[in-house]
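Naming: A, B, ... by sequence-line order, numbering from 1 per chain.
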Amino acid sequence: MDTRVPAKPSLEGIEDRWAERWEVAGTYRFDRSRPRPEVFAIDTPPPTVSGELHIGHVLSYTHTDTVARFQRMRGKAVFYPMGWDDNGLPTERRVQNHFGVRCDPSLPYDPGFTPPARPDPKTPVPVDRPNFVALCERLTATDEQAFETVFRRLGLSVDWSLGYTTIDAGSRRVAQLGFLRDLARGVAYQLDAPTMWDVDFNTAVAQAETEDRELPGAYQTLAFSTVDGAVVEVQTTRPELLPACVAVVAHPADQRYAGLVGQHLRTPLFGVRVPVYAHPLADPEKGSGLAMVCTFGDLTDVTWWRELALPARPTVGRDGRLLATPPAGVPAGPYAELAGRTVAAARRRIVELLAGAGALRAEPREITHPVKFYEKGDRPLEIVTSRQWYLGNGGRDEALRRALLARGDELRWHPATMRARYQNWVSGLTGDWLISRQRHYGVPFPLWYPLDGAGEPRYDQPLLPAEDALPIDPSTDVPAGYVPEQRGKPGGFAADPDVLDTWATSSLSPQIAAGAGRDGDLLARVFPMDLRPQAHDIIRTWLFGTVVRSHLEHGTLPWSDVAISGWVLDPDRKKMSKSIGNVVTPLRVLQRFGSDAVRHWAATARLGVDTAFDEGQLRVGRRLATKLLNASRFVLGFTDPGPAAAITAAVDRAMLARLARTVQTATAAFERYGHAEALAETETFFWWFCDDHLELVKARAYGDQGDTGRPADTAGAHSAVAALRQALDVVQRLFAPFLPFVTDEVWSWWRDGSVHRAPWPVPEPLHELARHPHPELTTLASWVLAGVRRAKSEAKVSMRAPVERLVVRVNEDQAAALRHAAIDLTLAAAAIHLEIETHTGDPDLEVVLAG
RNA sequence: GGGCGCGUAGCUCAGCGGGAGAGCACUCGGCUUACAACCGAGGGGUCGCUGGUUCGAACCCAGCCGCGCCCACCA
């Protein structure tokens, strides 16, 4: 036996051992000397750094890693970076609580700032933006280290030297440059308009980041009155917006209100005169068929307001409370009761006031209805008017929309059904992409505004930095032609206060990873990339955004293929990964079952399919890894007959022929991103190889002839062992993308270099060795073996128990094939007499046990 | 309301026009010199329901029922 093969192989400590060797050897280092056709570039998702990785990450990142390893073994230089998405709201929240600070961007930079020694989240210390950003960087650095530990332990073959974070200087430069280019080409623009607003986070949010939640509500029936004093009933779920009412609408075909259209009504309580309009969006089925138009209760209000050219009576402030003063034209008296209250409190109060005024015409009707929320928010979104930056994404431009839909068609989706989600989203866009956020830890908008004599910013004359000065922070940097003392002074300048939405940065992930703007050579070697792996919940945000940016800047898709992984569900299939993520942390699972086992579980899940977390399946992978150790040790335990040994036995050649088919099938599966099929194919072969083929040939491999009386069959043994070694070599490589630790372990016993740098197997050499195989022999031999085992099992005897007489009755072709396996069958079945007969009926087996 | 997908053995899933399968779980057997953290054998399913196409349907078509996800103007 080769001295490198351990007597008692074990999976103990295998992860740490190999992770370190790979790092030292630079096994996964990207070779940037290779031209684009020889590169396989992956746009790795940068996970959000705000909490912990969960088991869902393990699933999808494993999927990607199997592809990376497959491509690397096929000879590609694999560009496989890792990024961290470490800015945005969740990070800010964490930092505020951790350090006991609150970002106040109006404060000047204090170079000597230190966070409070004893943080108290209840009384946060105000801190200027540059210092707040520094604190964010400090905390996220710790999290990122923890993430890297998990991913290394998982065995991801990323090139860690290619790392980036979405807030680092390179990302800020790419993001700011991208914005300035979009500004120059007129795709980025500012608008003072109603937008969805999160009242807790105090920021505008984009359409893509909202979600519906079912909330209880109640229809109140309000009594409006006509000029002649008649009562008209209007139902609303948001009576607190009555002071914001600017009109009432009815459907054009609604006969009930045909006479009212064109007239005016007076609102209850306030007595404000509002017009009645006809509009097709008014639903006669809802409420009384009359809808109160407020500025703004929901997005339909915005539509009516815009299309009917209505005035604005803004009522809800950015903090989610009713404004201190009533809108113009609304009497202050009744409004004073509402001013300063939260929306919910104002709603309760106005119902009391309306009831007291006799303006409620019916009991409230309780309902449950969908309400828009920011996906990370806690209270319903309000709609407020504010100045924001937008990026054209086809929402208001049909030509662009069609072009982006065409990009979606051009992109190869895995699975293909996910394309529909993209089409759905792009077709349903109602506006452009709102990219500005009123937050602190993010990439700043790289511009300033001159201040006029009154100190008001001239938004139409932004002061732009030079491209080679990027990245900049306009809150500390000064525009050309000004001095720092002019900041905020009339005639001076002011920074744009906003930051780019995280997605507006991460939508440039391919360009960031590829060093766009600083390393054109690298960009040319990896862009457009080959693969974008991701989950399906961020098709509308990250995927779509990346397509938009690449289309605008490069006129191309950012990658040719996208692989969409599913989600991890609870064992009960009900809840999502978040709930089990708290219980089942990735590191604990990796430590408990072993990384290869966890990867095996992940790899059995096909793309796009949600999968249940199941500990039973984790044991399967563990068993497979152990099996590979033992089978490798066994095969390598036989003396190597050398490269000249001829593989002559039919059983050996049939096995290699079957393996050739496995290689072919697994390769084809991988080429279409079917990692799960590739694994299943390999696994099926391997278990058959261990359970049947090894049992069939082991005696011959030992040189054993049983009691045939003939001398040891050296040629037969050489054939068996040479074939076993060939098969082992191929099997170890086929498993390498899935079980990187154990495969490199067993590979190291007899091969030089890492299996992960070995070439992916091809079927041709196996066909060569298997020349003129009997294709049926493998299944026939297995059938005979199973029959013998069944007989012994039914007789409740050991599998070693001898068989007196074994009669196989098959058709002529099968008999001819089986005769080549006669010696192996005799030995494996412990049969004293084996007879192979031909007949015309179904295959038949007769087993007579000895004794 | 629109779109996509899923309903196959107790569980997780593969199969997607001609033999109903795998793993886990379960039952039984076996210390078999690679592996007892192992190996072998076995039981178990009117393939959601109803029609249709076909010589033949788990597989194709239509309708229905149930579940999930995405999207939607949520007054």
Side-chain angles (χ1 to χ4, degrees), chain A residues 5 7-11 211-215 217 219 234-238 241 245 248-249 279-283 286-294 297-304 367-372 380 415 417-430 536-537 539-540 566-567 569 571-574 576 601 604-606 608-620 622-624 626-638 676-677 680 683-684 687 690-691 694-695 698 702 785-786 788-801 830:
Chain A
V5 181
K8 195 74 184 168
S10 160
L11 297 172
E211 65 183 26
D212 287 352
R213 294 183 201 163
E214 285 290 330
L215 241 53
Y219 270 109
V234 176
Q235 290 198 332
T236 179
T237 56
R238 301 204 60 181
L241 292 179
C245 180
V248 169
V249 290
H279 195 281
L281 281 183
D283 184 351
K286 277 196 181 139
S288 62
L290 283 178
M292 182 171 102
V293 181
C294 307
D298 61 30
L299 292 173
T300 318
D301 281 341
V302 178
T303 306
W304 281 324
I367 55 157
T368 303
H369 61 160
V371 178
K372 275 217 184 303
T417 52
M418 290 294 172
R419 176 179 279 116
R421 305 216 179 179
Y422 177 95
Q423 292 168 333
N424 241 342
W425 177 251
V426 179
S427 305
L429 286 170
T430 55
H536 48 67
D537 55 330
I539 288 175
R540 65 180 186 173
W567 283 345
L569 308 180
D572 66 5
R573 300 220 110 240
K574 295 242 170 73
M576 306 310 295
W601 159 77
T604 53
R606 293 172 308 148
V609 177
D610 293 345
T611 190
F613 182 77
D614 181 5
E615 289 197 355
Q617 290 304 314
L618 290 165
R619 282 189 266 274
V620 174
R622 182 76 175 180
R623 205 163 63 106
L624 175 63
T626 305
K627 197 71 171 179
L628 192 55
L629 283 181
N630 286 318
S632 298
R633 187 178 90 88
F634 179 57
V635 168
L636 296 176
F638 295 106
E677 295 145 86
E683 218 176 327
T684 301
W687 283 110
C690 290
D691 294 344
L694 280 179
E695 295 301 325
K698 66 162 46 161
Y702 278 129
L785 266 187
V788 172
R789 286 165 173 166
R790 191 182 308 113
K792 290 179 180 178
S793 189
E794 280 167 1
K796 300 187 190 301
V797 298
S798 158
M799 286 299 141
R800 207 174 40 167

Task: Length of the CG-P vector between A:Asn424 and B:A72, whole Å - done: 9 Å
Task: Under 3.5 Å on both distances, the Watson-Crick or G-U partner of B:C47 - done: none
TODO: Return the value, rounded to whole Å, for the distance between atom NZ of A:Lys286 and atom C1' of B:G1.
DONE: 10 Å
TODO: Look at all strands and tell whether A:Met799 reaches a base, only sugar-phosphate, or nothing, counting heavy atoms closer than 4.0 Å.
DONE: base
TODO: Can you check whether any acceptor in the base of B:G40 is under 3.5 Å from a donor in the side chain of A:Ser793, or vice versa?
DONE: yes
TODO: May I ask you to decide if the ring planes of A:Phe634 and A:Tyr702 are parallel, tilted or perpendicular, using 30° and 60° as cut-offs?
DONE: perpendicular
- [ ] Using atom CD of A:Glu695 as one end and atom C1' of B:C39 as the other, report the distance to the nearest whole Å.
- [x] 8 Å
- [ ] Return the nucleotide paired to B:C60: Watson-Crick means purine N1 to pyrimidine N3 with N6-O4 or O6-N4, wobble means G-U with N1-O2 and O6-N3, both under 3.5 Å.
- [x] B:G52
TODO: Would you mind classifying the nucleic acid contact of A:Asp537 as base, sugar-phosphate or nothing, using non-hydrogen atoms under 4.0 angstrom?
DONE: nothing
Open item on the list: I'd like the C1' distance from B:C4 over to B:A75, given in whole Å.
Closed with: 30 Å
TODO: Classify the nucleic acid contact of A:Cys690 as base, sugar-phosphate or nothing, counting any heavy atom under 4.0 Å across all strands shown.
DONE: base
Task: Paired nucleotide for B:G66 [Watson-Crick or G-U wobble; both distances under 3.5 Å] - done: B:C6
TODO: Please check the phosphate of B:U32 (OP1 and OP2 only) for any side-chain N or O of A:Arg800 closer than 4.0 Å.
DONE: yes
- [ ] Would you mind classifying the nucleic acid contact of A:Tyr702 as base, sugar-phosphate or nothing, using non-hydrogen atoms under 4.0 angstrom?
- [x] sugar-phosphate
Task: First encountered from the 5' end of RNA chain B, between A:Val371 and A:Arg619 - done: A:Arg619
TODO: Rounded to the nearest angstrom, tell me the gap between atom CG in A:Leu299 and atom C1' in B:A75.
DONE: 12 Å
TODO: Give one of base, sugar-phosphate or nothing for A:Ala282, where a contact means two heavy atoms less than 4.0 Å apart.
DONE: base
Task: Pairwise C1' distance for B:G51 and B:G15, with rounding to whole Å - done: 25 Å
Task: Nearest heavy atoms of A:Cys294 and A:Met292, plus distance in Å - done: SG-CE, 3.3 Å
Open item on the list: Roughly how many Å apart are B:A9 and B:G45, using the C1' atom of each and rounding to a whole number?
Closed with: 5 Å
Task: Sidechain-backbone polar pair: A:Asp301 side chain, A:Val293 backbone, donor-acceptor under 3.5 Å - done: no
- [ ] Answer yes or no: does a side-chain N or O of A:Arg790 lie under 4.0 Å from OP1 or OP2 of B:G40?
- [x] no
- [ ] Would you please confirm or rule out a distance under 4.0 Å between OP1 or OP2 of B:A75 and any side-chain N or O of A:Thr237?
- [x] yes
Open item on the list: With a cut-off of less than 4.0 Å, is there a side-chain N or O of A:Lys8 near OP1 or OP2 of B:C35?
Closed with: no
- [ ] Would you name the heavy atoms of A:Gly297 and A:Leu241 that are closest together and state the gap between them?
- [x] CA-CD1, 3.4 Å
Open item on the list: As an exercise, state the distance from CH2 of A:Trp601 to CD of A:Gln617, rounded to the nearest 0.5 Å.
Closed with: 10.0 Å
Open item on the list: Using the C1' atom as the point on both nucleotides, what is the distance between B:G19 and B:A25, in whole Å?
Closed with: 27 Å
Task: Inter-nucleotide C1' distance (B:C59, B:G7), Å rounded - done: 14 Å
- [ ] Pick the P atom in B:A22 and in B:G42, then give their distance to the nearest Å.
- [x] 10 Å
TODO: Let me know the distance between CE of A:Met418 and C1' of B:G3, rounded to the nearest Å.
DONE: 13 Å
Task: Side chain of A:Asn630 - closest among B:C4, B:A34, B:A75 - done: B:A34
- [ ] Would you mind pulling out the nucleotide paired to B:C38, Watson-Crick or G-U wobble, both distances under 3.5 Å?
- [x] B:G30
Task: Closest to side chain of A:Ala786, choosing from B:C38, B:A41, B:A75 - done: B:A41
- [ ] To the nearest Å, give me how far apart CG (A:Asp212) and P (B:G1) are.
- [x] 15 Å
TODO: Would you indicate what A:Thr626 reaches in the nucleic acid, counting non-hydrogen atoms under 4.0 angstrom: base, sugar-phosphate, or nothing?
DONE: nothing
TODO: Can you tell me the pairing partner of B:G1 across any strand shown, Watson-Crick or G-U wobble, with both distances under 3.5 angstrom?
DONE: B:C71
Open item on the list: Could you tell me how far B:C28 sits from B:G44 if I compare only their C1' atoms? Round to whole Å.
Closed with: 15 Å
Task: Heavy-atom pair of closest approach, residues A:Ala676 and A:Thr604 - done: CB-O, 3.8 Å
Task: Rounded C1' spacing from B:C31 to B:C38 in Å - done: 10 Å
- [ ] Return no unless some side-chain N or O of A:Lys698 is found under 4.0 Å from OP1 or OP2 of B:A34.
- [x] yes
Task: Selected nucleotide, minimal atom distance to A:His536 side chain, candidates B:U32, B:C69, B:G40 - done: B:C69
Open item on the list: Without decimals, in angstroms, what is the distance between A:Arg633 CZ and B:A34 P?
Closed with: 8 Å
Open item on the list: Just to be sure I understand the rule, does A:Arg540 reach a base, reach only the sugar-phosphate, or reach nothing, if contact means heavy atoms closer than 4.0 Å?
Closed with: sugar-phosphate
- [ ] May I ask you to say what A:Thr300 touches in the nucleic acid, namely base, sugar-phosphate or nothing, with a heavy-atom cut-off under 4.0 Å?
- [x] sugar-phosphate
Task: A:Ser427 side-chain N/O to A:Gln423 backbone N/O, donor-acceptor pair under 3.5 Å - done: yes
Open item on the list: Students often get this wrong, so: under 4.0 angstrom with heavy atoms, is A:Thr303 touching a base, only sugar-phosphate, or nothing?
Closed with: nothing
Open item on the list: Quick check: closest heavy atoms across A:Lys698 and A:Phe638, and the distance to 0.1 Å?
Closed with: O-CZ, 4.4 Å
Open item on the list: Need the pair for B:A25. Rule: Watson-Crick or G-U wobble, both distances under 3.5 Å, any strand; none if unpaired.
Closed with: none
TODO: Remember a base hit wins even if backbone is also touched, and classify A:Arg623 as base, sugar-phosphate or nothing at under 4.0 Å, heavy atoms.
DONE: sugar-phosphate
TODO: Taking only the side-chain heavy atoms of A:Ala420 (C-beta and beyond), determine which of B:C24, B:G3, B:G40 contains the nearest atom.
DONE: B:G3
TODO: Provide, to the nearest angstrom, the distance between the CD atom belonging to A:Gln423 and the P atom belonging to B:G2.
DONE: 18 Å
Open item on the list: Closest-nucleotide mapping onto RNA chain B: is A:Leu694 or A:Leu785 further toward the 5' terminus? I mean the 5' end.
Closed with: A:Leu694
Open item on the list: Base, sugar-phosphate or nothing for A:Trp687? Non-hydrogen atoms, less than 4.0 Å.
Closed with: sugar-phosphate
Task: Any A:His369 side-chain N or O less than 4.0 Å from OP1/OP2 of B:A75 - done: yes
Task: Minimum heavy-atom distance between A:Met799 and A:Lys792, given as atom pair plus value - done: O-NZ, 2.9 Å
TODO: Would you indicate what A:Lys796 reaches in the nucleic acid, counting non-hydrogen atoms under 4.0 angstrom: base, sugar-phosphate, or nothing?
DONE: sugar-phosphate
